[in-house]
Amino acid sequence: MSNILVINSGSTSLKYKLFNEDEKEIKSGKLADVENTEKAVKTILKEIGNLRDLAAVGHRVVHGGDKFFKPVLLTDKIIDELEEFNELAPLHNPYNLAGIRAIAGFLPDIPQAAVFDTAFYFDLPEVARTYALPKNLTEKYKIRKYGFHGISHEYAMKEAVADRVPRRSGGSPYAGVNLITCHLGGGWSVTAIKDGKPIDTSMGWTPMEGLVMMTRTGDIDPGIVVELMKISENSGLLKNPPNPLYQGGAAKIPEDIGGWGIIKEVEDLLNHQSGIKGISGLDNFQDVLKETSLGYKDAKLAFDLAVYRLVKYIGSYWTVLEGKVDAIVFTGAIGAGNPMTRNAVMRKLKFLGNVPVIVVKTNEELAIAREVGKILS
């Protein structure tokens, strides 16, 4: 038994990759429009076929809260504890755990391990991870910047260093390496890395903070959230939408719009109906690029705003790193895909000089398999 299966279970899709002991990818696939995670996992196991050589299953889990910051072998107790963090990453954690439970049902004797998106950022400097809220609240409720996409950012750093970034000193291969890494996909995030360790990142307590994303608003005045809750209480954001895009929503909002319904409605608006989609009306970023190129006003505004926000963050992280940056690294389906986005960003950063740009096709599944292999050994 030597193969490791990695499952990356999302809200509407489920990706998998099967690796042998030499880290060679044996099989892979993706199921789209997933409505039932258990059925999707069953389909994947049928696609894989022979499971006799399966040593373990690794899972991407987005939020480990304040308890989990290293890869861990899963037990029933740990799985139950992870349920606590579902509300902090509602687009991810519930589906991550559904994949874990499905595997446990089909393969009860196979070890499972979780690798956390937040782990890379657990040791962020205090000044970067602290929110300016009353200390008694932040301590009691463990409110801090957790950061996300950590598996992808760490993988991008390692690949960039292995391929193209010169080492400034001996010891660790990442010692002395300063990077700004940009993960651009359905979610967008950027990280400042100093001496091979993250010192700041755009996502925070939840994956909603930071950059403008496909459906998430990113940074927003908290006063707007308060106002949206007032509007929801009085008339309902989705019942009387200011924009036809909001009709229906992505979440099932209770008919009784009071109390918890208000919170869920506003959360749905910020998580599912905002960002690039909210401005452009488009669900697919390739369509955004196409309509931007054709001069469609809403698509162009959405694209320009997303790029503008990213440029602002890169500029601020350049300052945090005191201008000592070895490279700007782009990864994620958009970051490493069509160059239109990268080019638009770098045109606005000409004042930084000829800073190298490195493109890394992320492989979160391989990174997870490596961590699972370490646990097994």
Side-chain angles (χ1 to χ4, degrees), residues 4-19 25-49 51 57-63 86 89-103 105-107 112 114-115 117 148-149 151-152 155 183-189 207-208 213-216 245 247-252 268 271-278 280-291 299 302 306 331-338 340-341 361-369:
I4 294 174
L5 171 64
V6 175
I7 288 182
N8 190 340
S9 182
S11 58
T12 60
S13 66
L14 197 154
K15 295 186 289 184
Y16 78 92
K17 289 184 181 180
L18 182 67
F19 299 91
E25 185 181 307
I26 303 171
K27 288 186 178 181
S28 65
K30 178 179 180 180
L31 301 182
D33 301 320
V34 171
E35 295 182 358
N36 185 301
T37 302
E38 185 175 352
K39 289 182 179 179
V41 167
K42 186 176 182 179
T43 298
I44 284 173
L45 295 179
K46 286 182 177 179
E47 288 180 0
I48 293 172
L51 299 171
V57 180
H59 298 265
R60 175 195 179 207
V61 177
V62 167
H63 211 312
N86 282 357
L91 297 184
H92 303 92
N93 265 44
Y95 307 99
N96 303 154
L97 293 178
I100 291 169
R101 294 189 188 279
I103 288 289
F106 292 120
L107 303 170
Q112 296 193 80
V115 179
D117 249 2
F148 300 89
H149 293 151
I151 298 169
S152 179
Y155 179 84
H183 175 102
L184 312 180
W188 288 35
S189 62
M208 277 197 287
M213 305 172 227
M214 278 306 303
T215 65
R216 281 169 271 184
L245 292 174
Q247 290 181 350
K252 293 181 180 179
D268 177 69
N271 254 323
H272 297 275
Q273 307 297 332
S274 300
I276 293 168
K277 172 186 174 181
S280 69
L282 300 170
D283 290 305
N284 188 296
F285 192 73
Q286 296 305 313
D287 293 335
V288 174
L289 295 181
K290 181 179 178 181
E291 292 202 4
T331 191
I334 294 171
N338 187 314
M340 180 174 168
T341 307
K361 185 176 180 180
T362 195
N363 193 336
E364 292 171 303
E365 292 77 19
L366 177 57
I368 292 169

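Along the sequence shown, residues are numbered consecutively beginning with 1. Worth knowing before you read on, the calculation uses all heavy atoms, side chains too, and leaves out hydrogens, waters and symmetry mates.
- Counted within 6.0 Å of CD on E25, heavy atoms from surrounding residues, nucleotides or ligands total more than 12; the atom is thus considered enclosed.
- Within the 3.5 Å criterion, the main-chain N or O of V62 finds a donor-acceptor partner in the side chain of N96.
- Shortest non-hydrogen contact noted between N338 and Q286 is ND2-OE1, 4.2 Å.
- Between the CG atom of L282 and the CE atom of M214 there is a distance of 7.5 Å, given to the nearest 0.5 Å.
- Checked by atom type and distance alone, the side chain of T331 pairs as donor or acceptor with a backbone atom of T362 at under 3.5 Å.
- With E365 as the partner, the salt bridge (charged side-chain N to carboxylate O under 4.0 Å, His left out) test is satisfied by one option alone out of K30, K17, K27: K17.
- A pairwise comparison of heavy atoms in A299 and S280 identifies CA-CB, 3.9 Å as the closest pair.
- In plain terms, the two heavy atoms of I334 and W188 that are nearest each other are CD1-NE1, 3.8 Å.
- In plain terms, the two heavy atoms of V34 and A40 that are nearest each other are CG1-CB, 3.8 Å.
- Judged purely by atom type and a 3.5 angstrom limit, N271 has no side-chain atom pairing as donor or acceptor with the backbone of R216.
- Scanning all heavy atoms of the two residues, the minimum distance from S189 to H149 falls at OG-ND1, 2.6 Å.
- The shortest non-hydrogen separation linking A89 to H63 is CB-CB, 4.0 Å.
- Under the 3.5 Å distance criterion, the side-chain polar atoms of N8 are left unmatched by any main-chain donor or acceptor of R60.
- With rounding to the nearest 0.5 angstrom, the CD1 atom of I4 is 9.0 Å from the CZ atom of F19.
- Rounding to the nearest 0.5 Å places CD1 of I103 at 4.5 Å from CG of L45.
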